[in-house]
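Comments concern the structure below.
Here is how names work: the chains are called A, B, and so on, in the same order as the sequence lines, proteins then strands, and each is numbered from 1.
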Protein chains: 4
Amino acid sequence: MENLNSKDLLGRREQERRWRRQYILNVAERLFAQKGYHQTTMAEIAKASEFGMATIYQFFKSKDKIYLTLLHEKIDLLLKLIKQAIEEAQTPLEKIKAIIQVKLKFFQKNRDFFRIYALHRQNIVVLLREELGKKIDEKYQEGLSTLAQIIEEGISQGEFKRFPPKEMAVLISGMIQAFIHEWIKSEEEVQLTSKLPIILDFLFYGLKGKI
Amino acid sequence: MENLNSKDLLGRREQERRWRRQYILNVAERLFAQKGYHQTTMAEIAKASEFGMATIYQFFKSKDKIYLTLLHEKIDLLLKLIKQAIEEAQTPLEKIKAIIQVKLKFFQKNRDFFRIYALHRQNIVVLLREELGKKIDEKYQEGLSTLAQIIEEGISQGEFKRFPPKEMAVLISGMIQAFIHEWIKSEEEVQLTSKLPIILDFLFYGLKGKI
Amino acid sequence: MENLNSKDLLGRREQERRWRRQYILNVAERLFAQKGYHQTTMAEIAKASEFGMATIYQFFKSKDKIYLTLLHEKIDLLLKLIKQAIEEAQTPLEKIKAIIQVKLKFFQKNRDFFRIYALHRQNIVVLLREELGKKIDEKYQEGLSTLAQIIEEGISQGEFKRFPPKEMAVLISGMIQAFIHEWIKSEEEVQLTSKLPIILDFLFYGLKGKI
Amino acid sequence: MENLNSKDLLGRREQERRWRRQYILNVAERLFAQKGYHQTTMAEIAKASEFGMATIYQFFKSKDKIYLTLLHEKIDLLLKLIKQAIEEAQTPLEKIKAIIQVKLKFFQKNRDFFRIYALHRQNIVVLLREELGKKIDEKYQEGLSTLAQIIEEGISQGEFKRFPPKEMAVLISGMIQAFIHEWIKSEEEVQLTSKLPIILDFLFYGLKGKI
DNA sequence: TATGAATGAGTATTCATTCAT
DNA sequence: GATGAATGAATACTCATTCAT
């Protein structure tokens, strides 16, 4: 509703502008994922998006900005989806399940983005200097915190064991990330979400637990 | 004993040569970890190691080679340490414990290297063309397989639940990697190995299991 | 007429582009002739042509390409001039006279190019690997063949003695080349073409012949 | 006789030294001829001659020096052979014949050297700055002058036509040089000297002369 | 004496970014 | 608004030459 309205209120000019901006981002996402940040040149982005180089620069101030915007917006979307899923879930257990499910679904639809996302956490070193770079790391931490809070909630409800919540959040995130990473590398056609039950079983009861 | 002997057998010249080579690798490791592969220039490596640029090239044919050799040799060392630890352990459970302990110890001592190691898996896209790049990926897979085998062993001994071993290996590796990653980012002085019990508890009994 | 038309049909942009390209070639020709291929740097070519380095690279893919294009285009021009001259001549004798006259005139106007041209035949060893390098050698052989054919024609018309035509062509080419070479080295202001009668007399009647 | 004596007078040390120096020159000659001056590295010369790099520098002050010494000494030899041949000949005609015959023989035995020799005349541009480089050009001019003198002699004896001697010398040298060049390129096994009669016939009577 | 490891000065080439049109 | 030609700053790599051994 909001989006529609906001679009309607925009003139055709502005709408076209946004559409082109998004188009460039999509092209850049594909190229960055395929060849990596450094191996992708602005000329390639321009050519692949069928814009002139200078046009690209009217939308994004620099190559860095394209890259960071990419991360920024998609992570926002992911966080938003996670938030929605949590709100619809009741118990901590269900919430965790919901988060993982959303992540699997999301990256299943955004393979290209995952490559960039996974890679990014290292580039942080360099990018953290940039304002936008800092914000992305904050968002990543935000995701971790959300998870940690849920775990804490679960602990106080006697649902989960007394583990340090932040550290558990890290472990769980790492599990999921590695799982997705492997799936993308394998280039299998299997539905990533089909693995959810196993992951959850492992997550809740471990290698040995629950008979 | 063996190493000492083999060193004694080498001439002084050869010993010095190896020492210098190693010195360059160490410098490069620090720089790569600090600034990333692309941001580190050969001139910087030369200056920081107090060698002339061309001298660096007498030890390593290219910048790539330095990077890959770095990975190559340290991963070899890690795999060797893991192998030793496994041999000394009896049960699958102890073996997994040993692997994780070794990893935590290793990266506690090799913070710089971890940044490179973690980053590498993504750069694979580009590096896989290189012979040396392929070998490193093989080693990574080797590590996963070892873990998977132990899990399989545990399953057939009724020690672990019937999970798909390879996928469990991925999950566990991801957990550990994320944990180390977070620890390095936090720049805490806490002993990484002190976290072992928590990790193991989570790993074997999950969030909910074994009261 | 044709050229004018074809130029008129080109847009201003394309015309300018060609002009700049030619300008770079001219500058490179002067520098290569003065200092030789290896002693001439891309930076010098850029500076002397008052373009940025990268601009040079937009016109020519590499330093080699500049050099080879230079040879390529000028040799084409020379061959074209020779062809025209031959067509206007009647007898084999007149044709040979025409060829030599054209060559003398051409290099009189293209002193710089001669140095490059003469030198090239030796560098062939290295350049033959390049596609463009091979083509230039073919053109050189083409020039020799043309001369050889005319000699053959002259022989069958009873005009010339029964000499092996190809070898005569080589001898005559060598004569001319050495003559031009010496003239350029001497840096005399005498018209090179003024020497034509002597050369022809020697060529047709030898040191001793025709009283 | 002289050489033997002078050798005998030298100590073993000095004899060995000369022999090594010559060995290096021979190796360099082969390499320069194969790959050209710039493409040949000092390291290659060292390796191919089985000396250490610094040892090469004890014999020759620089790469340039090797190259120039090479030219220097072989040209000296050629000039000496030509001188001898001239002294044994009586008439100008016989002298010219002798010169050409000596050249053909010499380069037939020194193919490698010819490549360097032919190429050199262009490198002059760069090398003339060097003292040794100037001397080589002087020697080349000396050769031309000798030939010109003989022609002059022939003219005053009524043997040859009244041509400008220097220019004739240039034409003849060019002929011979081109002929040898073509022969080397063709890599034929035919004896180069077998072509002498044709060359002389052309040289003395031209394409048309003396039926 | 002989060496080869060490070196720095030099060079071709690339690419993000900016204007002139 | 849109373009792409122009650019300079940056960088991996080479090679003749020199010393320390």
Side-chain angles (χ1 to χ4, degrees), chain A residues 13 16-17 20 37-47 50-67, chain B residues 11-14 16-17 20-21 24 38-47 49-66, chain C residues 11-14 16-17 20-21 24 38-47 49-66, chain D residues 13 16-17 20 37-47 50-67:
Chain A
R13 289 283 262 280
E16 268 183 29
R17 195 180 159 71
R20 286 169 176 196
Y37 177 82
H38 281 99
Q39 278 66 39
T40 303
T41 67
M42 288 300 275
E44 282 170 321
I45 295 175
K47 189 164 192 188
E50 290 174 283
F51 283 109
M53 295 217 15
T55 309
I56 307 284
Y57 276 88
Q58 283 191 332
F59 287 94
F60 302 96
K61 209 178 162 187
S62 70
K63 188 184 171 187
D64 254 46
K65 275 283 194 293
I66 299 181
Y67 179 77
Chain B
R12 182 187 48 77
R13 283 285 257 286
E14 182 57 18
E16 270 184 27
R17 190 179 164 75
R20 284 150 134 92
R21 197 189 104 107
I24 293 169
H38 281 99
Q39 278 67 36
T40 304
T41 68
M42 288 301 275
E44 281 171 322
I45 295 175
K47 192 163 191 188
S49 56
E50 291 174 284
F51 283 108
M53 290 229 359
T55 308
I56 308 289
Y57 277 90
Q58 280 200 332
F59 285 94
F60 303 96
K61 213 179 162 185
S62 70
K63 190 183 170 187
D64 251 50
K65 274 284 194 290
I66 298 181
Chain C
R12 182 185 49 75
R13 283 286 255 288
E14 183 57 20
E16 270 183 27
R17 192 180 162 72
R20 282 149 135 93
R21 196 189 105 108
I24 293 168
H38 282 99
Q39 278 66 37
T40 304
T41 69
M42 287 303 273
E44 282 171 321
I45 295 175
K47 192 163 191 188
S49 56
E50 290 173 285
F51 284 107
M53 292 227 359
T55 308
I56 307 289
Y57 277 89
Q58 281 200 332
F59 286 93
F60 303 95
K61 213 180 164 185
S62 70
K63 189 183 169 188
D64 250 50
K65 274 285 195 288
I66 299 182
Chain D
R13 288 285 261 281
E16 270 183 29
R17 194 177 160 73
R20 287 169 175 195
Y37 178 81
H38 281 98
Q39 279 67 38
T40 303
T41 69
M42 286 301 274
E44 283 171 319
I45 295 175
K47 191 164 191 189
E50 291 173 283
F51 284 108
M53 296 220 9
T55 309
I56 307 285
Y57 276 88
Q58 283 190 333
F59 287 95
F60 303 96
K61 210 179 163 185
S62 70
K63 189 184 172 188
D64 254 47
K65 275 283 196 291
I66 299 181
Y67 179 77

| field | Phosphate OP1/OP2 of E:dA5 contacted by B:Thr55 side-chain N/O (<4.0 Å) | value | no

| said: Any base atoms under 4.0 Å from C:Phe60, or only sugar-phosphate, or nothing? Heavy atoms, all strands. | reply: nothing

| Of C:Gly52 and B:Ala54, whose closest DNA chain F nucleotide lies nearer the 5' terminus? | C:Gly52

| request: Give the ring-plane orientation class for A:Tyr37 versus A:Tyr67, where under 30° counts as parallel, over 60° as perpendicular and anything between as tilted. | output: perpendicular

| In the structure shown, which nucleotide is the Watson-Crick or G-U wobble counterpart of E:dA20, with both distances under 3.5 Å? | F:dT3

| message | I want to check something: taking the side chain as every heavy atom from C-beta on, are C:Arg21 and C:Arg17 in contact at a cut-off of under 4.5 Å? | response | no

| query | Quick one: is E:dT1 close enough that its OP1 or OP2 comes under 4.0 Å of any side-chain N or O from D:Gln58? | reply | no

| Nearest heavy-atom neighbours spanning D:His38 and C:His38 | ND1-ND1, 3.1 Å

| message | Mind checking if A:Arg17 touches a base, just sugar-phosphate, or nothing, with heavy atoms under 4.0 Å? | response | nothing

| Under a 3.5 Å cut-off for both distances, is E:dT11 Watson-Crick or wobble paired, and to whom? | F:dA12

| To the nearest 0.5 Å, how far apart are CZ in C:Phe60 and CD1 in C:Ile56? | 8.0 Å

| request: Give, for atom CD1 of B:Ile24 and atom OH of B:Tyr57, the distance between the pair rounded to the nearest 0.5 Å. | output: 11.5 Å

| query | Can a side chain N or O of C:Arg20 be found less than 4.0 Å away from OP1 or OP2 on F:dA5? | reply | no

| field | Closest approach of C:Met42 to C:Ile66 (non-hydrogen atoms, all atoms of both residues) | value | CE-CD1, 3.9 Å

Close N or O pairs between protein and nucleotides 11-13 of chain E (under 3.5 Å):
residue	atom	partner	partner atom	Å
E:dA12	OP1	C:Lys63	NZ	3.0
E:dA12	OP2	C:Met42	N	3.0
E:dT13	OP2	C:Tyr57	OH	2.9
E:dT13	OP2	C:Lys63	N	3.1

